[in-house]
Amino acid sequence: MKLYVSDGNPHGLKVLAAAGLWTDGVEIQRLQQEEKVVPFFSQAKLPALELTNGNYLFSANAICRYFLLAAGKDQNDLNNQWLEWEATELQPVISAALYANIVQGKKKEETLATVGKQLGHVSQSLGKKPYLTGDAVSVADIVVWGAIFPFISDVSTLSEDLSSLKNWFKKVTEMEPCQKAAESLLKGQGASVFKGYLQKMPAPVTTSAPSACNEPEAGDAPVLSISEEDIAAATEAWSRGLTNAPRPKQIQHPILPRDGEKNLLITSALPYVNNVPHLGNIIGSVLSADVYARYCRLRNWNTLYICGTDEYGTATETKAMEEGLTPQQICDKYNAVHTAIYKWFDISFDYFGRTTTPQQTTIAQDIFNRLLERDFLLKDTVEQLRCETCQRFLADRFVEGTCPFCNYEEARGDQCDKCGKLINAVELKKPQCKICKRSPVVKSSQHLFLDLPKLEERLEKWLQQSFATGDWTANARYITRSWIRDGLKPRCITRDLKWGTPVPLEGFTDKVFYVWFDAPIGYISITANYTDQWEKWWKNPKQVQLYNFMAKDNVPFHSVIFPSCLLGAEDNYTLVNHLVATEYLNYEDGKFSKSRGVGVFGDMAKDTGIPADIWRFYLLYLRPEGQDSAFSWGDLMLKNNSELLNNLGNFVNRAGMFVQKFFNGHVPKMELVAEDKRLLAQVTAELRQYNQLLEKVRIRDALRCILNISRHGNQYIQVNEPWKCIKGTPQEQTRAGTVTGLAVNMAALLSIMLKPYMPSISAVIQEQLLVPQEASVLTNYFHCILPQGHLIGTVSPLFQKLENDQIESLRKRFGGGQLNGDCTEKQVKAEPKASSPVAEPAKESAKVGDPERIKVLLQEVEKQGNHVRELKGKKAEKSLIDGEVQKLLALKKELALAEGKTPEAPAQKGKKKK
């Protein structure tokens, strides 16, 4: 291999460092900037890597990645995300800052401010980690360091807020390969060595793309440039009022695609029926999809939003066992729970259904038969885990064990929640049956497989087109590419279960379809339950645009497996055009856990006394788009009190109250001056930005545009002081009228823009201001919505302050203290006055060999064991723990008797472990 670099080219730094870290046989050649490695190129492209097969790599990041892989190192999706972020977010602003500083002579302090968000993102992502992707240096560290170093070789002057970045940067810089790379490139001249290279390059142009930072600071939005033409156009649009504004279309069910219109089919990932969704589940799929669906309706686009509960599979069988109900009873019970939760959160499904329907069976079996007829299915014998105690093959979710990839100890039999990799259950280390906690054995069973390798070519062709024309989130692209890059393998589509869609093939009728073959078909069958004309949506790819919303763990099933099934069925199915995936929302410093009572779940939110719209706003404000984010009670209070109460609510209330108090409830005459016309242009620019962002499903960023408009409004009122002008000269009174009239019109516009995010607050503002119905279609123009003489209604405050003691109470309540319906403090401090050495575990006597009693006792032992571990984790008082341990031992003793063993056996086994 030969690595070609040129002196003064800052992109050479990262490749030289990577070469020093991961290769020892690469030949380095230094060329002049204009020299061409490949003669027929129109211009020089350096750095470049000539491979042993004669091919070349010309991307610095690709070269670094190649060195890493050539050294036998593994590259995960997080590395890919960092490389993509560096190329699209970091490198453009660093290049522009370097150019401004070195070529244009701008001060370092001035140019440094332009990269503040990107540096903050790196620092925030590092947190307490030593490196970007974990405990060891990775290609991400070298690439990001190599981008920053040419501009900021000394980070000691940076703010202490960037301490994580500073520590990391110092650590990477001190690595010998990085030191050598910097010395060979800078040659003791510092950043001035890049001047010759930069002078020959066109001036970099930065885009207005937002930072990938999870939490942009409020009020830190980029200033949108306003030209005289913009001001004139905004003034003209304002003067037209609602005369020619489009009228909202009446929705008639069933909603069907219309010729010549934009037809949008929106789905959110079907929630498992047996799980009560927590806040992370809600923002990851249904709430995000709801915002987009509401926005589409606001634009008068023909929109159908479909969802429902995923009811078949192992998870349902497990829950049914736990609760002593049939699977159907579990589905009925929890479907009602889900429906109530989404109704409270004001999710605007056009139809919310379920997968346990005849339509699901008909459509799933039809797709299966079409795949079978076209030879896209294989038969094979599978090594499976079988529990001899329970006398059954264990489906994936009946097994837990240690992940073979990352050693996470609570990996499921189908996927590891920590590293995200898919797992074959027999690969798990130390597997356990989730029902009885015994170790299963490996036995054979014949199953059917989807022949993904046979479908790979047509899948890749479709993906290439969908990536090019659709709005797939970055993580969806990364995850899908990694699946394709690793090579597709046949995927099992059947399971040894009873609860599911039956397999219509002789020899397999005792099996059901695997949930990830069956569940996505639920989108189609739920639509079929909504309308018998479902094929107009699902077999109409030329007329329908399909949007899928989900969390990132669902991506491969929607981007690889489900499309492969539909492509193989060869029945003109509508495939996803836009796959929108979020990262994870965590709870405070950890994860949501229903069993441990940690975090807010959907059925608990309404009991907090905080309205649904506040929950919607906060979840959307911190929507985990570029990286994981975390719910924080303190931050919820801050955002409510600052952004909603003091910013948005304050502006809308002041604007309406001025109309009520100073003008008897009628919008006054408005005589616009230059300052007002500029404000019209600023609001129009924010409105257009809002539309552009939401059209690209950048939901969190678009919310900032609403808050920016209310900030403009507050500043406008504060500067012009209409409460003083109204008491002054006739000219000053006219000015008070203009300011008040323009402000109340901004409030009316905000009520429309808020509808996707906070539908109840939107309706309240519109009711207070009596906003006309014809204003409810959003365009790119800020029209005069409330003209002179318009009578408004009664204005009242929109939001209430959240107090610190209220928030602290909620923090304690949801911080792990919901076990047994009590708070943590009560559990830990409640000490029995006298605890008997052995508590009575049950009133009924244990019959030897009774399988039902054994199963009940196994569940009680597991439950009590978890309770003891939780008390120990909370550092409860020793006497309380001892009492609960005695209960556990008594249960184990009764279990031993029921199993026909001597009671001493468990104790002896425990002593040997010590």
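None of these values were measured; they are calculated from a predicted model.
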May I ask you to decide if the ring planes of [X] and [Y] are parallel, tilted or perpendicular, using 30° and 60° as cut-offs?
X    : Y    : result
F631 : W615 : parallel
Y690 : Y757 : tilted
Y305 : F349 : tilted

Can you see whether [X] engages [Y] through a side-chain donor-acceptor pair at a distance of less than 3.5 angstrom?
X    : Y    : value
Y342 : H338 : yes
H121 : Q627 : yes
E229 : S227 : yes
Q768 : S796 : yes
N720 : E675 : yes
D635 : Y618 : yes
N646 : N641 : no
Y530 : H253 : yes
Q543 : D259 : yes
Q806 : R811 : no
N540 : T574 : no

Give me each pair satisfying ring-ring contact (aromatic ring centres under 6.0 Å, His included) with a member in residues 764-811, each pair once, sequence neighbours excluded.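 Of all non-adjacent pairs touching residues 764-811, those that pass ring-ring contact (aromatic ring centres under 6.0 Å, His included) are W238-F782.
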Apply side-chain contact (heavy atoms from CB on, under 4.5 Å) to the pair Q689 and L693, showing each step before the final yes or no. CA-CA 6 Å; Q689 180 89 333; L693 291 168; 3.8 Å; yes
As an exercise, state the distance from [atom1] of [X] to [atom2] of [Y], rounded to the nearest 0.5 Å.
X    : Y    : atom1 : atom2 : value
L645 : K639 : CG    : NZ    : 14.5 Å
I614 : L802 : CD1   : CG    : 7.5 Å
Y351 : N529 : OH    : CG    : 4.5 Å
S288 : L619 : OG    : CG    : 9.0 Å
L644 : N640 : CG    : CG    : 5.5 Å
L546 : L265 : CG    : CG    : 5.0 Å

Do side-chain atoms of [X] reach the backbone of [Y] as a donor and acceptor pair under 3.5 angstrom?
X    : Y    : result
T339 : V337 : no
N745 : G741 : yes
S629 : L622 : yes
Q733 : G728 : yes
S466 : V576 : yes
D471 : H578 : no
D290 : S348 : yes
N300 : V777 : no
S632 : E588 : no
S809 : D805 : no

side-chain contact (heavy atoms from CB on, under 4.5 Å) between I347 and R616, worked out: CA-CA 10 Å; I347 307 297; R616 286 177 63 110; 4.0 Å; yes
What's the verdict on side-chain contact (heavy atoms from CB on, under 4.5 Å) for T531 and L256, showing C-alpha distance, side-chain angles and the deciding distance? CA-CA 9 Å; T531 172; L256 297 172; 4.1 Å; yes
Worked verdict on H666 versus V659 for side-chain contact (heavy atoms from CB on, under 4.5 Å): CA-CA 6 Å; H666 291 83; V659 175; 5.7 Å; no
Among all residues two or more places apart in sequence or in another chain, which pass the ring-ring contact (aromatic ring centres under 6.0 Å, His included) test with W537?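 ring-ring contact (aromatic ring centres under 6.0 Å, His included) list for W537, sorted by chain: empty.
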Find out whether [X] and [Y] are in side-chain contact, i.e. whether some heavy atom of one side chain is under 4.5 Å from a heavy atom of the other.
X    : Y    : result
R735 : D676 : yes
L694 : R299 : no
K661 : V795 : no
F352 : T309 : yes
C784 : M670 : yes
I709 : M746 : yes
R700 : L620 : no
Y587 : F814 : yes

Can you name the nearest heavy-atom pair linking [X] to [Y], along with the distance?
X    : Y    : value
V276 : N281 : O-OD1, 4.4 Å
P772 : L242 : CG-CD1, 3.8 Å
T738 : L672 : CG2-CD2, 4.0 Å
A736 : I726 : CB-N, 3.8 Å
P624 : L585 : CG-N, 4.0 Å
D613 : I761 : OD2-N, 2.8 Å

Within the supplied structure, the quantity of interest is the number of heavy atoms (other residues, nucleotides, ligands) at a distance under 6.0 Å from [X] [atom1]; does it exceed 12?
X    : atom1 : result
K262 : NZ    : yes
E236 : CD    : yes
Q800 : CD    : no

Could you check whether [X] pairs with [Y] (Lys NZ or Arg NE/NH1/NH2 to Asp/Glu carboxylate O, under 4.0 Å)?
X    : Y    : value
K696 : D701 : no
R297 : D350 : yes
E583 : R623 : no
E721 : K727 : no
E671 : K669 : yes
E732 : K724 : no

Pi-cation contact, Y621 with R704 (under 6.0 Å, within 45°):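 Here R704 passes the 6.0 Å and 45° test against Y621.
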